[in-house]
Amino acid sequence: MGFLADALSRVKPSATIAMTQKARELKASGMDVISLSVGEPDFDTPDHIKEAAIEAIRRGETKYPPVSGIVPLREAIARKFKRENGLDYKPAQTIVGTGGKHVIYNALLATLNPGDEVVIPRPYWVSYPEIVTLCGGTPVFAETDMAHDFKLQPEELERVITPKTKWIILNSPSNPSGAAYAHDELKAITDVLMRHPHVWVLTDDMYEHLTYGDFEYVTPAQIEPGLYERTLTMNGVSKAYAMTGWRIGYAAGPEHLIKAMDFIQGQQTSGATTISQWAAVAALDGTQEHLARFRAAFQERRDLVVSMLNQASGLKCPMPEGAFYVYPSCAALIGKRTEGGKTIETDQDFVTELLQSEGVAAVHGSAFGLGPNLRISYATSNTALEEACTRIQRFCASLR
């Protein structure tokens, strides 16, 4: 009998964390590295949020919090859902976790039994299938393609649903593709789900506020009220408020599910840090004026990156509606050779050779379930992005 759990053999390490760490190591060794692998805004947390945290410390808000979150934050979450999404939740229908990943994990741990299936559209955030597996469920992948901007089509969703399906995880805007579902596109998905009342919806809305142009954001329970009683709407402050290190995610849903998640969390981590929770109250209830600045900067960066990548030999990069990622295809470069004689057989080979030869860190698309692509984060300065894309163009041109 081995000491470590068998479940570890069924779970893959995070490719995004691995590539980011590799980039850090090379940079520490003296290499000129531009990392486009991390999903983290380069902006600082807005000052009014930081001040709220400092004031909380001064007030002595440093004791154990309630497992599900402090009451002021749960009330602020309920107000946010009403104000921005038209969804009515009582504070008792909300829960606070140590980041969005924690919230997803608790929801699935509280509901999955062996044999239960969770539908996950490809490409997916790397953690979704691994969390499902750790919680004893079975990931079932729904296919998408570039022709449909990597958005799940209703016919494909209908195809993958079985009597064993318990959840579908929807992420809009998407990590890794940046694709976001417009009203009619999401309505087509919710129409399918209304025909399968045993399927619950876990919607990851973490990038809600990072959409561009005239795109209007919607979430499933807002589109289809009939899904309200079987939807967990998850969000957080990490992306829109540049609070990745504060580790606050939250969700709202049916009260019996929230209570089950609270039960799990009570024996797992207890409540998220009090200081971060008070900061999150200020984030949700305070001024939102920074969002326009964030969006304008990210949209400018997106346009720059998409333009330059589409000028690179062999890359094809669609224009995403949101988040801060692009997901170009490198299919035309598979089979080509580097100047050093290395054959590019996979998208992982592509990003590995790109890092070694040009010092640009990206993440291979196969880690997100769909390749040959690569995920590039444009959550860094225009200067760094322009230089990185120039290096990518040079690398692509060097392949023969």
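Predicted model, so just to flag it, every value in this text is computed and none were measured.
A donor-acceptor contact shorter than 3.5 Å links the side chain of Q93 to the backbone of K90. Judged by distance alone, the side chain of T231 and the main-chain N or O of T233 form no donor-acceptor pair under 3.5 Å. Between the E321 side chain and the Y181 main chain, no donor and acceptor come within less than 3.5 Å of each other. Side-chain atoms of D204 come within 3.5 Å of backbone N or O of M206 as a donor-acceptor pair. With hydrogens and angles disregarded, no donor-acceptor distance shorter than 3.5 Å links the side chain of S174 to the backbone of N171. With K239 contributing its side chain and G39 its backbone, the two residues share a donor-acceptor pair below 3.5 Å. No donor-acceptor pair closer than 3.5 Å links the side chain of R337 to the backbone N or O of L399.
Comment: D116 does not engage K164 in a salt bridge, judged by the lack of any side-chain N to carboxylate O separation of less than 4.0 angstrom. The pair K342-E353 does not meet the salt-bridge criterion, since no charged nitrogen lies less than 4.0 angstrom from a carboxylate oxygen.
The closest side-chain heavy-atom distance from F141 to P129 is below 4.5 Å. A 4.5 Å side-chain heavy-atom check between N382 and E300 finds at least one atom pair inside the cut-off. A 4.5 Å side-chain heavy-atom check between V140 and V118 finds every atom pair outside the cut-off. Put simply, the side chain of Q288 reaches to within 4.5 Å of the side chain of L291, judged on heavy atoms.
If you look at Y217 and H209, their ring centroids are not closer than 6.0 Å. For Y228 and Y89, the gap between ring centers is short of 6.0 Å.
Taking the six-membered ring for Trp and thresholds of 30 and 60 degrees, F324 and Y207 have ring planes more than 60 degrees apart, a perpendicular arrangement. In this pair, F298 and Y378 present their aromatic rings perpendicular. The plane angle is above 60°, beyond the 30 to 60° band. In this structure, F81 and Y250 have perpendicular ring planes: the angle between them is above 60°, well past the 30° mark.
Evaluated for a side-chain contact (heavy atoms from CB on, under 4.5 Å) with M308, the options V306, L304, V305 yield exactly one hit, L304.
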Worked verdict on T144 versus R122 for side chain to side chain donor-acceptor pair (under 3.5 Å): CA-CA 6 Å; T144 72; R122 304 182 199 259; over 6 Å; no

After noting the C-alpha distance and the side-chain angles of L374 and D347, does the key distance pass the side-chain contact (heavy atoms from CB on, under 4.5 Å) rule? CA-CA 7 Å; L374 57 150; D347 51 14; 5.8 Å; no

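Both cation-pi conditions hold for R59 and W278: the charged atom is under 6.0 angstrom from the six-membered ring centre and inside a 45 degree cone around its axis.
A323 and G178 get closest at one heavy-atom pair: CB-CA, 4.2 Å.
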